[in-house]
S.K.: 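Just dropping this structure here.
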Amino acid sequence: MKILVFSDSHGNPGAMFRAVKDHIAHGGVDMILHLGDGYGDFKALVGMFPDIPAYMVLGNCDDPYVKDAPKERIIEAEGFTFLMVHGHTRGVKRDLGQAADAAARCGADVLLYGHTHLAMDQRMDTRFGKTVRMINPGTVGSGYKPSYAFLEIVSGQLMCGFGNPTV
């Protein structure tokens, strides 16, 4: 299973379009996830690739009146449970502990978060005795080094890489 993870597109969906097209041309895309701050961009992406399952959560810059996307969401794929958050409600700019604990509480193996605009893949021990993998795709729409994450699940293993889209 191949999953593309985007966050913080901030009105620039073109980089996501190009990344999805590139991955389709080189092996396919089974799912797209967007971690907020780009509700309209996500809707445009779904319109362009309607046959790929896609899910999003709302970020701090998304319209507070949007009702068809949650602030947090749990996704399951091939034996892995992912907690999707933007991160602003879990204080990820100050400390990742609260977000890691939230993932452990809901039984997630992996926390997918955005908000900081910094691509990262790390593991964190929680106060519940569980280690959670924490992946931030960075910002696909702006910033010094635009990025996104591509996940692949093969034989029970989750691999993570980062792409540098053309903004």
Side-chain angles (χ1 to χ4, degrees), residues 1-63 66 68-75 77-78 80 82-90 92-93 96 99 103 108-124 132-154 157-167:
M1 169 163 267
K2 297 178 182 181
I3 304 169
L4 296 184
V5 185
F6 301 110
S7 188
D8 297 278
S9 50
H10 293 288
N12 186 355
M16 293 190 301
F17 297 160
R18 287 186 290 281
V20 173
K21 286 178 183 176
D22 185 53
H23 283 272
I24 288 172
H26 295 94
V29 176
D30 298 304
M31 186 183 299
I32 299 170
L33 305 177
H34 194 294
L35 303 176
D37 282 0
Y39 176 80
D41 306 335
F42 173 77
K43 289 298 191 180
L45 187 66
V46 168
M48 184 170 269
F49 303 100
D51 296 331
I52 302 173
Y55 305 93
M56 86 161 299
V57 292
L58 296 173
N60 59 299
C61 294
D62 290 315
D63 187 337
V66 170
D68 66 343
K71 290 183 180 176
E72 297 188 359
R73 169 178 268 154
I74 294 175
I75 297 287
E78 294 196 17
F80 286 91
F82 300 89
L83 174 60
M84 295 172 57
V85 302
H86 180 62
H88 64 295
T89 60
R90 297 290 181 179
V92 299
K93 284 188 176 179
L96 294 175
D109 307 297
V110 181
L111 173 74
L112 299 174
Y113 71 101
H115 192 51
T116 67
H117 293 203
L118 300 172
M120 187 177 305
D121 178 8
Q122 68 183 40
R123 287 175 170 72
M124 180 173 271
V132 173
R133 188 164 180 185
M134 304 180 65
I135 299 172
N136 184 329
T139 173
V140 72
S142 61
Y144 174 64
K145 291 185 178 180
S147 61
Y148 65 96
F150 50 91
L151 310 179
E152 188 167 7
I153 303 170
V154 178
Q157 297 291 319
L158 175 64
M159 295 168 281
C160 175
F162 295 98
N164 296 39
T166 305
V167 178

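We count residues from 1, following the sequence as given. This structure is a prediction, so every number in the text was calculated from the model and none was measured.
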S.K.: In chain order, what residues pass the side-chain hydrogen bond (donor to acceptor under 3.5 Å, both in side chains) check against S9, with sequence neighbours excluded?
M.R.: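 Residues passing side-chain hydrogen bond (donor to acceptor under 3.5 Å, both in side chains) with S9: H34, D41.
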S.K.: Looking at residues at least two apart in the chain, or sitting in another chain, which of them share a side-chain hydrogen bond (donor to acceptor under 3.5 Å, both in side chains) with E72?
M.R.: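 By the side-chain hydrogen bond (donor to acceptor under 3.5 Å, both in side chains) rule, E72 matches R90.
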S.K.: Mind checking side-chain hydrogen bond (donor to acceptor under 3.5 Å, both in side chains) for K43 and listing every partner two or more places apart, or none if nothing turns up?
M.R.: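 Only D68 meet the side-chain hydrogen bond (donor to acceptor under 3.5 Å, both in side chains) criterion with K43.
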S.K.: Got a list of side-chain donor-acceptor pairs under 3.5 Å for residues 48-62, not counting sequence neighbours?
M.R.:
unit_1 : atom_1 : unit_2 : atom_2 : d
N60    : OD1    : H86    : NE2    : 3.0
N60    : OD1    : H115   : ND1    : 3.2
D62    : OD1    : G38    : N      : 2.9
D62    : OD1    : Y39    : N      : 2.9
D62    : OD2    : D37    : N      : 2.8
D62    : OD2    : G59    : N      : 2.6

S.K.: Could you measure the distance from the CE atom of M31 to the CD atom of E78? Nearest 0.5 Å is fine.
M.R.: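 So the CE of M31 and the CD of E78 are separated by 9.0 Å.
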S.K.: Taking atom CG of L45 and atom CE of M16, what is their separation to the nearest 0.5 Å?
M.R.: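 CE of M16 is found 5.0 Å from CG of L45.
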S.K.: Once you round to the nearest 0.5 Å, how far does CG of L151 lie from CD1 of I3?
M.R.: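 It is 5.5 Å, given to the nearest 0.5 Å.
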S.K.: For R133, give me all partners under side-chain hydrogen bond (donor to acceptor under 3.5 Å, both in side chains), at least two apart in sequence or on another chain.
M.R.: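 With sequence neighbours excluded, R133 shows a side-chain hydrogen bond (donor to acceptor under 3.5 Å, both in side chains) to D121, given in chain and number order.
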S.K.: Please confirm whether the backbone N or O of P137 pairs with a side-chain atom of S147, one donor and one acceptor, at under 3.5 Å?
M.R.: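 Pair found, side chain donor or acceptor close to backbone of P137.
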S.K.: Taking all heavy atoms of G138 and all of D8, pick out the closest pair and write down the distance.
M.R.: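 Nearest pair, atom of G138 first, then D8: O-OD2, 4.2 Å.
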S.K.: Testing the basics here: between S7 and G114, what is the closest heavy-atom pair and its distance to 0.1 Å?
M.R.: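 Shortest heavy-atom contact: OG-CA, 3.5 Å.
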S.K.: Got a second to check how far F82's CZ is from L111's CG, nearest 0.5 Å?
M.R.: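 Spacing of CZ (F82) from CG (L111) equals 11.0 Å.
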S.K.: Indicate every side-chain donor-acceptor pair of residues 19-28 with a distance under 3.5 Å to a residue at least two apart or in another chain.
M.R.:
unit_1 : atom_1 : unit_2 : atom_2 : d
D22    : OD1    : H26    : ND1    : 3.2
H23    : NE2    : Y148   : OH     : 2.8
H26    : ND1    : D22    : O      : 2.9

S.K.: When rounded to the nearest 0.5 angstrom, what is the spacing between CD in E152 and CG in L158?
M.R.: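 Output value for this atom pair is 9.5 Å.
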S.K.: Taking atom SG of C160 and atom CG of N136, what is their separation to the nearest 0.5 Å?
M.R.: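 Rounded to the nearest 0.5 Å, the SG-CG separation comes out at 10.0 Å.
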